[in-house]
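Before any comments, here is the structure.
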Amino acid sequence: MRRSSTLLLSLAVVGGLTGTLPATASAQGRQDIPQSHPLWANAQAKVADTAPAAKLSFRVYLNQRDNAGAEALAQAVSDPDSKTYRQYLSPDQVRDRFAASDATVNAVKAWLTGSGFSIGEVPSNRAYVEATGTADQTEKAFAVDLGKYRVKGQTLRAADKNLSVPANLAGDVLGVVGVDQATNLFKPDHATGSGTPSDVAPGPGFRNAPPCSAYYGEKIDTTDPAYNGKQLPYAPCGYTPAQLRSAYGIDKVGADGKGTTIAIVDAFASPTIYADASTYAKKNDPQHPLKQSQFKQHVFPANPVLEPPDQCDAAGWYGEETLDVEAAHGLAPGADILYVGGESCEDNALDVALNYVIAGHKADIVSNSYGDTGEDIPADEVKVFNQISLQAVLEGIGVYFSSGDNGDEVARLGTPSPDFSASAPWITAVGGTSIAIGKDGKKIFETGWETSKSVLTNGVYGPANYTSGSGGGTSRLFEQPFYQKGVVPDALAKKNQTGNKKGRVVPDISAVGDPNTGFLVGQTQTFPEGAHYDQYRIGGTSLASPVFAGIMAVADSFDHFHHGFINPVIYKLTSRTPAITDVKHVDAAVARVDYANSVDASDGLLRSVRTLDYQGLTIHTTPGYDDVTGLGVPNGLLFLLLV
């Protein structure tokens, strides 16, 4: 259920993201960390106290020095009109100029040690101090009581009020992540269009039923009744890498991403990922194998004090990793891929995985296919994420996030909202499209992805009900960033705002996402006959993000430099060049056949029609910038030449 707390949070965070939020003085020389208490942790939702001896780990994130200076420099190095454009800093330069000092780190460590905690990792950029201890120690250290609360179908730990720290440390503490479990609400952004397959190790099988088409329009449904007077094409069986490279005009440019590293951040790690991805390339893109030398993994080991992995639906992340790796390699077969797996789905883990990449400049591009439902996020997490993504901009690392798979979130929240982290200002939010690719590999059309489903029952089509679509909308958390000014229409920027305020609008740019015109993936799963590799069609903006990341890797190798944070560039391109193709509404639909049991026809078939750009939402695909597809989609060679 959507709460009005989001607006209250936004009042504290918007603008406050350019500096330390003011601390509130409390008794005995302590100061509160503002908005460090999730508002869903209220008396009505509480189900139990946290056992005093329960173990937990958390991270105390530290304020960087001169945050305003860091933001000004980040804008300068990413703005093509700046004299210091692309004059990026090294990780050491960022640390020496902006990171917390050794004295600050030591002071925080001394306080935590004195409170009985054991101290863990301090990363090279001095972003945080990690600590492990008991619930009782945590309650005393932060002057709170910990309890268990029911929220969105889960039981999660949280404090009963704002955390507080000793007054002498308040100016150094950016936030604390991990005391509460608010970010267990993060989920991967992938969709099959008929329910996400459950991917445990190896998970229950999923297959797409025939008939389906090798390319858009290959097979027409002539056996079912016409839909709105038309016999519809069957949905594609799943586009291959070569089809997507051709449709986006990067197949004959003489560059394939070589010299660029794409990092993929997800939770956990599939035990069959390299075997699956290399088998997939051999079967579907034999000219471009995934070499062992191209693929590396860094997986954070499971922390025994965290909640059990199934609290995070660990199984569901394996299919996400498979999609991300195969799509990124498919679009940029020459690029190196680094998979970084967090120890859980909590941002206490995902932020650490992302920070690992940024702190050591382990990659030039980072694709992230996960997000929260809306923006009802603890302020601590918002501040922490903003600081990590800001360092990426300073180093010239492009960070891409899926915009979400639930449109404007009205169906789930009751109020329109984009999703966090896609709504953050220093990352590129990638929306989803529906794409029709013809027999010759050329694009027939591309429209916004917002799907409705009409089920065929006894020869009659039922009502069209919304199922999934590209996430988008206007942020309540973040004010309009500099790069959107003068480009995003005021009618969009002022949504969800008061007075003349303008907010950040999502997404920035788009690529294929609709699972009904989606991507073919291969993964080891368990079928009635046993566990083995098989293939199925999948989509979601977690397809769009690695696809676009792959296109940017090709741009890196084509242009012989790393592009870094591209938002300032692409917003200028729309008014100056045809490098980005505007996406407009197209009336189109496909016929779908699905197995009732997900694997074979033994329990019958389900027949339906899926519209490709459903109009019954508060976000719409329109000429120019829109909150479904952003600026549009990259226009092949022109995009590579001009970005």
Side-chain angles (χ1 to χ4, degrees), residues 1-2 152-153 187-197 208 227-228 230 232 235 369 371-376 402-419 422-423 429-436 445-457 460-474 492 495-496 505-507 510 512-518 537-544 583-594 606-622 626-630:
M1 176 179 176
R2 185 69 176 179
K152 297 179 182 178
K187 298 294 182 185
D189 285 328
H190 65 246
T192 64
S194 58
T196 302
N208 296 110
Y227 185 80
N228 291 337
K230 296 179 181 179
L232 300 176
S369 294
D372 191 69
T373 301
E375 293 185 313
D376 194 359
S402 302
S403 71
D405 290 352
N406 296 283
D408 53 17
E409 294 290 6
V410 166
R412 296 201 292 181
L413 299 176
T415 303
S417 175
D419 292 343
S423 61
V430 185
T433 65
S434 303
I435 188 170
F445 67 80
E446 192 164 12
T447 190
W449 167 42
E450 300 293 350
T451 296
S452 69
K453 176 181 178 181
S454 300
V455 178
L456 181 62
T457 305
V460 178
Y461 290 107
N465 294 312
Y466 178 74
T467 61
S468 57
S470 176
T474 306
L492 295 180
K495 278 187 176 181
N496 305 332
V505 187
V506 173
S510 292
V512 57
D514 185 353
N516 301 289
T517 65
R537 179 186 60 235
I538 195 169
T541 53
S542 63
L543 168 60
V583 176
K584 300 180 177 68
H585 172 69
V586 174
D587 283 318
V590 295
R592 275 278 300 269
V593 180
D594 293 289
L606 306 175
R607 297 179 180 273
S608 63
V609 165
R610 312 298 177 98
T611 58
L612 301 188
D613 194 17
Y614 177 64
Q615 296 293 286
L617 305 174
T618 63
I619 58 176
H620 300 97
T621 308
T622 64
D626 62 63
D627 45 8
V628 174
T629 65

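- A distance of 9.0 Å separates OG in Ser417 from CG in Asp372, rounded to the nearest 0.5 Å.
- Contact annotation: the side chain of Tyr466 approaches that of Leu617 to within less than 4.5 Å [non-hydrogen atoms, C-beta and beyond].
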Check against side chain to side chain contact (heavy atoms under 4.5 Å, CB included), Leu612 and Asp514: CA-CA 8 Å; Leu612 301 188; Asp514 185 353; 3.3 Å; yes
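- Annotation: salt bridge (Lys or Arg N to Asp or Glu O under 4.0 Å) contacts of Glu409 (sequence neighbours excluded): Arg412.
- In summary, the side chains of His620 and Gln615 do not present any donor paired with an acceptor at a separation below 3.5 Å, with no hydrogens or angles considered.
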Side chain to side chain contact (heavy atoms under 4.5 Å, CB included) between Lys495 and Asp627, worked out: CA-CA 11 Å; Lys495 278 187 176 181; Asp627 45 8; 3.9 Å; yes
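- In this structure, CD in Glu446 is found 3.5 Å from OG1 in Thr433, a value given to the nearest 0.5 Å.
- Taking the side chain to side chain contact (heavy atoms under 4.5 Å, CB included) definition, one finds that Ala436 meets it with Tyr216, Ile444, Phe445, sequence neighbours left out.
- Minimum heavy-atom separation, Lys453 to Thr467: CB-CG2, 3.5 Å.
- With sequence neighbours excluded, the residues forming a side chain to side chain contact (heavy atoms under 4.5 Å, CB included) with Ala429 are Ala422, Ile427, Arg504, Val506, Pro507, Asp508, listed by chain and number.
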Step-by-step side chain to side chain donor-acceptor pair (under 3.5 Å) determination, Glu375 to Ser423: CA-CA 8 Å; Glu375 293 185 313; Ser423 61; 2.7 Å; yes
Trp449/Asp613 under side chain to side chain contact (heavy atoms under 4.5 Å, CB included): CA gap, chis, key distance, verdict: CA-CA 5 Å; Trp449 167 42; Asp613 194 17; over 6 Å; no
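- Between the side chains of Thr541 and Asp405, at least one donor-acceptor pair of N or O atoms lies under 3.5 Å.
- Formation of a donor-acceptor pair under 3.5 Å by the Thr474 side chain with backbone atoms of Asn496 is not found in this model.
- Checked by atom type and distance alone, the side chain of Ser608 never pairs as donor or acceptor with a backbone atom of Val455 at under 3.5 Å.
- Side chain of Ser403 to backbone of Gly471: a donor-acceptor contact under 3.5 angstrom is found.
- The backbone N or O of Thr517 sits nowhere less than 3.5 Å from a side-chain atom of Arg537 that would complete a donor-acceptor pair.
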Candidate pair Lys230 and Asn228, rule side chain to side chain contact (heavy atoms under 4.5 Å, CB included), full reasoning: CA-CA 6 Å; Lys230 296 179 181 179; Asn228 291 337; 5.7 Å; no
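- Inspection of the Thr611 and Ser452 side chains reveals an N or O donor paired with an N or O acceptor under 3.5 Å.
- At least one donor-acceptor pair closer than 3.5 Å links the side chain of Asp419 to the backbone N or O of Gly374.
- Tyr227 pairs with exactly one of Val590, Leu232, Leu456 by the side-chain contact (heavy atoms from CB on, under 4.5 Å) rule, that one being Leu232.
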